Amino acid sequence: LTANTTYHIAVYEYNNNSAGVPNYYTTAGVNNQITYNPIITTSVSSLTAFGNVIAGANSSSQNYTVEGIELSSSITVAAPSGFAISLDDADYSINPIVLTRNGSDAVATTTIYVRFSPASANGANSVNVTNTATNATTKNIAVSGNALSAEPTTNGSITFGAVTSN
């Protein structure tokens, strides 16, 4: 340091968040400012195709898990038209489902059940169940199914000609 020289010092609060990413608080001590690095995690990125389902009926269910950390909002799980979601594999009446973050700004691992429930026979459906939260990357779960107007009624047959030996 040199005599008669003015030096300016800035103090920053620093810590690592739960994702190991450093947070720098440039206004340390002012309004207890929090920096979030929101992350949504799902157990899969797609479910097995639900196959052929008659309009007005329901397929059997499949499931995945979702969780989140450092969230500034709840996680919203939304099913597209023709698909239904549930927290208990019984009540499929709620869409979207809102998973409330806890006091640690997280959503605990939660199982989401999905089934194909087409209202009309509109053929192939290939869409996403979305998992969203403020400033977090949306996690899509690819789902697909084929909506039919009725079960096929024609039975297939195979006819063999005469079998001869050499």
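Position 1 is the first residue of the sequence; numbering continues from there. Not measured: the values here are computed from a predicted model.
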What's the spacing between [X] [atom1] and [Y] [atom2] if we round to 0.5 Å?
X	Y	atom1	atom2	value
Ile94	Ser86	CD1	OG	8.0 Å
Leu71	Leu99	CG	CG	10.0 Å
Lys139	Ser43	NZ	OG	11.0 Å
Leu47	Ser144	CG	OG	9.0 Å

Keeping the roles fixed (side chain from [X], backbone from [Y]), state whether a donor-acceptor pair exists under 3.5 Å.
X	Y	result
Asp89	Tyr113	no
Glu67	Thr109	no
Thr110	Ala108	yes

Which residue in the set Asn63, Ile75, Val77 passes side-chain contact (heavy atoms from CB on, under 4.5 Å) when paired with Ile112? Val77

Of Thr41, Val107, Ile39, the one forming a side-chain contact (heavy atoms from CB on, under 4.5 Å) with Ile69 is Ile39

So if you build clusters from Ile, Leu, Val, Met, Phe, Trp, Tyr with side-chain heavy-atom gaps below 4.5 Å, do Val98 and Ile141 land together? no

Do Val66 and Val114 sit in the same hydrophobic cluster, where Ile, Leu, Val, Met, Phe, Trp and Tyr count as joined when their side-chain heavy atoms come under 4.5 Å apart? yes

Considering non-hydrogen atoms only, spot the tightest contact between [X] and [Y] and give its length.
X	Y	answer
Ile40	Thr132	CD1-C, 3.7 Å
Phe116	Gly82	CD1-O, 3.1 Å
Asn146	Gly123	OD1-C, 3.0 Å
Asn131	Tyr64	OD1-OH, 2.9 Å
Ser74	Arg101	OG-N, 3.7 Å
Thr134	Pro38	O-CG, 3.8 Å

Which is it for Asn125 and Phe50 under the side chain to side chain contact (heavy atoms under 4.5 Å, CB included) test, yes or no, and what are the steps along the way? CA-CA 10 Å; Asn125 291 263; Phe50 286 94; over 6 Å; no

Scan side-chain atoms only and decide if Ser117 and Asn58 contain a donor-acceptor pair under the 3.5 Å cut-off.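 Distance-only check passes for Ser117 and Asn58.
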
If you measure only the distance, is there a donor-acceptor pair under 3.5 Å linking the side chains of Asp91 and Ser93?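 Side-chain D/A pair, Asp91 to Ser93: present.
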
Non-hydrogen side-chain atoms of Ser46 and Val143 separated by less than 4.5 Å: no

